[in-house]
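Lettering of chains follows the sequences in order, A, B, ..., and the numbering in each one begins at 1. Note that this is a predicted model, so its numbers are computed, not measured.
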Amino acid sequence: MSEPLAPQYNPSTIESELYRWWTERGLFAPESQAPGSGEPYVIQMPPPNVTAVLHMGHGLNNTVQDVLIRFERMRGRRALWVPGTDHAGIATQNVVERELAQEGFTRFDLGRDAFVERVWAHVRETGAAILDQLKAIGSSADWSRTYFTLDEGLSRAVRETFVRLHEEGLVYRGHYIINWCPRCLTALSNEEVEKEEVEGHLWHLRYPLADGSGHITVATTRPETMLGDTAVAVHPDDERYHGLIGGEIRLPLVDRLIPIVADEAVDPAFGSGAVKVTPAHDPADFDIGRRHSLASIDVMTPEARISLAAPDRFQGLDRYEARRRVVAEFQSAGLLDRVEAHRHAVGHCYRCNTVIEPRLSDQWFVRMEPLAKPALEAYRNGTLRFVPERRGDDYSSWLEGIRDWCISRQLWWGHRIPVWYCDATGCGRVSVSRQDLSACPGCGGPVRQDEDVLDTWFSSWLVPFSSLGWPNRTPDLDTYYPGHTMVSAPEILFFWVARMIMSGLHFMGEVPYTDIYLHGTVRDTQHRKMSKSLGNGIDPLEVVERYGADALRYSLISGMSVGTDVILDPQDLESSFAPARNFANKLWNAGRFILSNLESATRPLAGPHAAAVRRAELTLADRWIIARCDATVVEATQAYERFRLNEAAAAVYRFIWSDLADWYIELVKPRLYGDQPGGDVARAVVVQTFDVALRLLHPVMPFITEALWRRFPGRAETASISVAPWPRQDQRAQDPDALRDFGLVQELIGAIRGIRAEYGVQPGQVVRAVVSGSDGSTAALKQERATIVRLAKLSAVTFAPNQERIGGHAVLSNRTAVFIPLGEAIDIGRECSRLGTEAERLLRLVESQEKKLGNEQFVSRAPAEVVDREREKLTTWKEQAGVLLKKRELLGCS
RNA sequence: GGGCGAAUAGCUCAGCUGGUUCAGAGCGCCUGCCUUACACGCAGGAUGUCGGGGGUUCGAAUCCCUCUUCGCCCACCA
């Protein structure tokens, strides 16, 4: 590592080499970090779906986790980040089905076993690519603990959970209306249905009374379901229909007699106040049907075509064709009362966006209320903390209204349901078992396993303990359960996060983590979510290749504040990622420069904060940068602790660029060259503060910080910044005087530069400056005289009262005046107006300030220190304005 | 239909407990510089009715109400 460093930082080779080095050293395993000492700190990675390679959302999610895990690791915790991938039942099955479709096949052509084998092939490929991507962005997860949700161990946990919940009466099989996707041909949970507002219609249909005495009008958004109607319902108190309750309707098209029933669920104010009842195709109707012992007629096939239960001419029609046909027939029979435009929410499959069909079927459910209660309590008693806080409301209101969870899926890819049905006549036993069964435990007869698989979330809700070996009681489980922070996208709060809390409390007796950080979504500049179908995605790997992983990470972190989305422009990667790349380059060059000036060091450079030098040897600038560094330690540490990662990143950025590079390094250059007086002190201070900056930045930019940090003298070959101790605040570093005094130096240099620019003084030309002020106000400036001369490009600076006329004038915030004689270069008129404008600005401030202080209410009601502060401001502004006006007089301005 | 959030420079956003970061940062723009760490850089500069209206207060970008516009979550009125 001693080859000369290139002036332009090139992340690609450095990153891959360092990553290999980290993993070879096993730095990401908690065992090799702080053996036995630090408290564990555990993050469970939301396992990416093996459907496809990762997108920017994953980039953000995993960067946040990595920042937190690296932060806590450096703070001495035994940090464990558990990685994994999710088999993603329905999603992965769909992806492979689409692949097959391209080849002209369906999964049924292949058969179950061959299809599942095919999915495995996809999984092996994608799963490996995903892990590579996670590594490419620098994720410091413990890969030795990587799991896949269909692994043997996690499958055992799934089975144990199912059986145990069944034993407890919390898993049951039921015949209910569920959400059915006619494309995926499976049941879905309520959470898997996305409601979307659509402009639909409300058809008002006339149902003739059986006795021919008239009709009842019912309104529906899905006319085709009338083929399965088995009643018409009205509210029991609805006067309009009193005489009709108990009567019958002759159902058009089907010619079936169905009763008119009274049910409280009917809203008399909606539509006609009468509702058609289709128990097989609507959850509300199903309930009405139960209350009135109505038949359920299933008029749809799984594919949402009209079934054999309907009249011949409708059979086989797609649901929408059937809808048109039904409406047309009502119309021609004169039974279509009217059609209204109607805006309503329609459920769509969250995986293929097909409109959901409520369907009556046998499915397995988890009884959720008993699980939800403790999960709700954990929030109410403050055990769980949400960031941002308001997400806690979403969590609790979801739990309060929770409904049972349909967990069976009519898919082939997933954990097979551990239930066996006995086929022996007269037995029919249903066995729920931890072990595979080959015979009925009751009669010894032949059994067949339930064909269905479990909801993919039924395995992922166990991850916080199943990934650690549960149901076995393993050392990992003892040590790393419960974990600490969950970093998740808000979309999966209910699917995953809330359910993990329920399972954790139920099976482990403790919440799986206490802090839940829900970050935003990555969107394009039109605020659209990045997606493959919109083509507005950004490939994280492309960004890593072009800008480096550190730049990717920094951009994501700095673009994100608590509770807001990250906006990136897919059309213009440069504007999104160049600033971070530039920052990396800046850091690289600062490091390069510092390193190149350490050879002449004669004193040790390492050690606790500025311990290598004595206080008395420090210049004002040294004291200033040490104080700024310390303030940055505090600011960044607090920001990381509060999940304000963008603020932490910004604080370090400011320190490195605006303080260290722009000022301190510039200023200290003469001391560093050769064997200058104070050279060792400067070297010690610059190394010290740069080292702190690298450590503070490491969680966000792990690669470049490591690359630089390792090159500093005195580092052991095996030392890594990733386990270097986190910088601590140092009371001795605090130095308000230095902050104030050096601020004045900066202000003076800025004022002189401003005058130079104003009058177009050539950069190469040196000028003289005269500074006048009281001894007290110029003491600090005198200390840094050489700095002022160099950075303001002066021939000399003198401290004396000034009566010269022709030049540029300025006045600092402590009333010190500056004068630059410019001879012919100056345009007196221009200087007059420049001074005039500035004086006017100050006088306006003075005026409003006088008004404020003249206000009795303010003086008497505002706190004394505020009033004092405002008085001081007034004095300063007044005097500043006075100095400028005097200069104008001197110049003979009109 | 219920709940929540956001609106600040051309763009992306900070501004946390009302008053010393109070109108800011980065990008973009303008001017001048290849000053031997860095042109992915340096120095300087311009840019705002803090979404509209009302209120509370000595004092509001900040707190309250209201309107407008965007976004998110929830919802079995067919």
**CA sep, side-chain torsions, deciding dist, call: A/Met56, A/Val543, side-chain contact (heavy atoms from CB on, under 4.5 Å)** = CA-CA 10 Å; A/Met56 262 312 159; A/Val543 176; 3.8 Å; yes
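The residue among A/Asp287 and A/Val859 whose nearest nucleotide of RNA chain B lies closer to the 5′ end is A/Val859. Nearest-nucleotide assignment on RNA chain B puts the 5′-proximal partner with A/Lys873, out of A/Lys873 and A/Ser658.
Figure legend: cation-pi geometry between A/Lys586 and A/Tyr653 absent, as NZ or CZ is not positioned both under 6.0 Å from the six-membered ring centre and within 45° of its axis.
A gap of 33 Å separates the C1' atoms of B/C74 and B/C11, to the nearest Å. Taking the C1' atom of each, B/G51 and B/A46 are spaced 24 Å apart, rounded to whole Å. Nucleotides B/C34 and B/G28 are separated by 23 Å at their C1' atoms, to the nearest Å. Here, B/U62 and B/A9 have their P atoms 15 Å apart, quoted to the whole Å. Taking atom P in both B/C27 and B/A43, the straight-line distance is 12 Å, to the nearest Å. For the C1' atoms, the distance linking B/U47 with B/A37 amounts to 33 Å, nearest Å. Nucleotides B/G19 and B/C64 have their P atoms positioned 15 Å apart, rounded to a whole Å. With P as the reference atom, B/C63 and B/U8 are 16 Å apart, rounded to whole Å.
Nucleic acid contact class of A/Ala661 (heavy atoms, under 4.0 Å, all strands): base. If you check every strand for non-hydrogen atoms under 4.0 Å, A/Glu870 touches nothing. A/Arg753 comes within contact range of the sugar-phosphate backbone alone, with a heavy-atom separation under 4.0 Å but no base atom that close.
Between the side chain of A/Glu666 and the base of B/A37, a donor-acceptor pair under 3.5 Å is found. Not a single donor-acceptor pair, N or O on each side, falls under 3.5 Å between the base of B/C4 and the side chain of A/Arg391. The base of B/C4 is not paired with the side chain of A/Arg390 by any donor and acceptor separated by under 3.5 Å. Put simply, the side chain of A/Lys586 and the base of B/C38 share a donor and an acceptor less than 3.5 Å apart.
Closest to the side chain of A/Asp267, out of B/C77, B/G19, B/A75, is B/C77. Here the nucleotide nearest the side chain of A/Asn582, chosen from B/C40, B/C72, B/A78, is B/C40. With distances taken from any side-chain atom of A/Thr564 to the nucleotides B/A14, B/C42, B/A78, the minimum falls on B/A14.
A distance of 12.0 Å separates CG of A/Leu360 from CH2 of A/Trp180, quoted to the nearest 0.5 Å. Taken from CG in A/Asp285 to CG in A/Asp229, the straight-line distance is 7.5 Å, to the nearest 0.5 Å.
A straight line from CZ of A/Arg592 to P of B/U36 spans 13 Å, rounded to a whole angstrom.
At least one side-chain heavy atom of A/Trp877 sits less than 4.5 Å from a side-chain heavy atom of A/Gln849. Counting heavy atoms from C-beta outward, A/Trp624 and A/Leu739 have side chains that approach closer than 4.5 Å.
The neighbour count for A/Glu872 CD, taken as heavy atoms of other residues, nucleotides or ligands under 6.0 Å away, does not exceed 12.
A close approach under 4.0 Å does occur between a side-chain nitrogen or oxygen of A/Arg644 and OP1 or OP2 of B/G15.
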**Item:** Under the 3.5 Å Watson-Crick or G-U criterion, the dot-bracket string of RNA chain B, with | for inter-strand pairs
**Value:** (((((((..((((.....[....)))).(((((.......))))).....(((((..]....))))))))))))....
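With no hydrogens or angles considered, a side-chain donor-acceptor pair links A/Glu192 and A/Tyr350 at under 3.5 Å.
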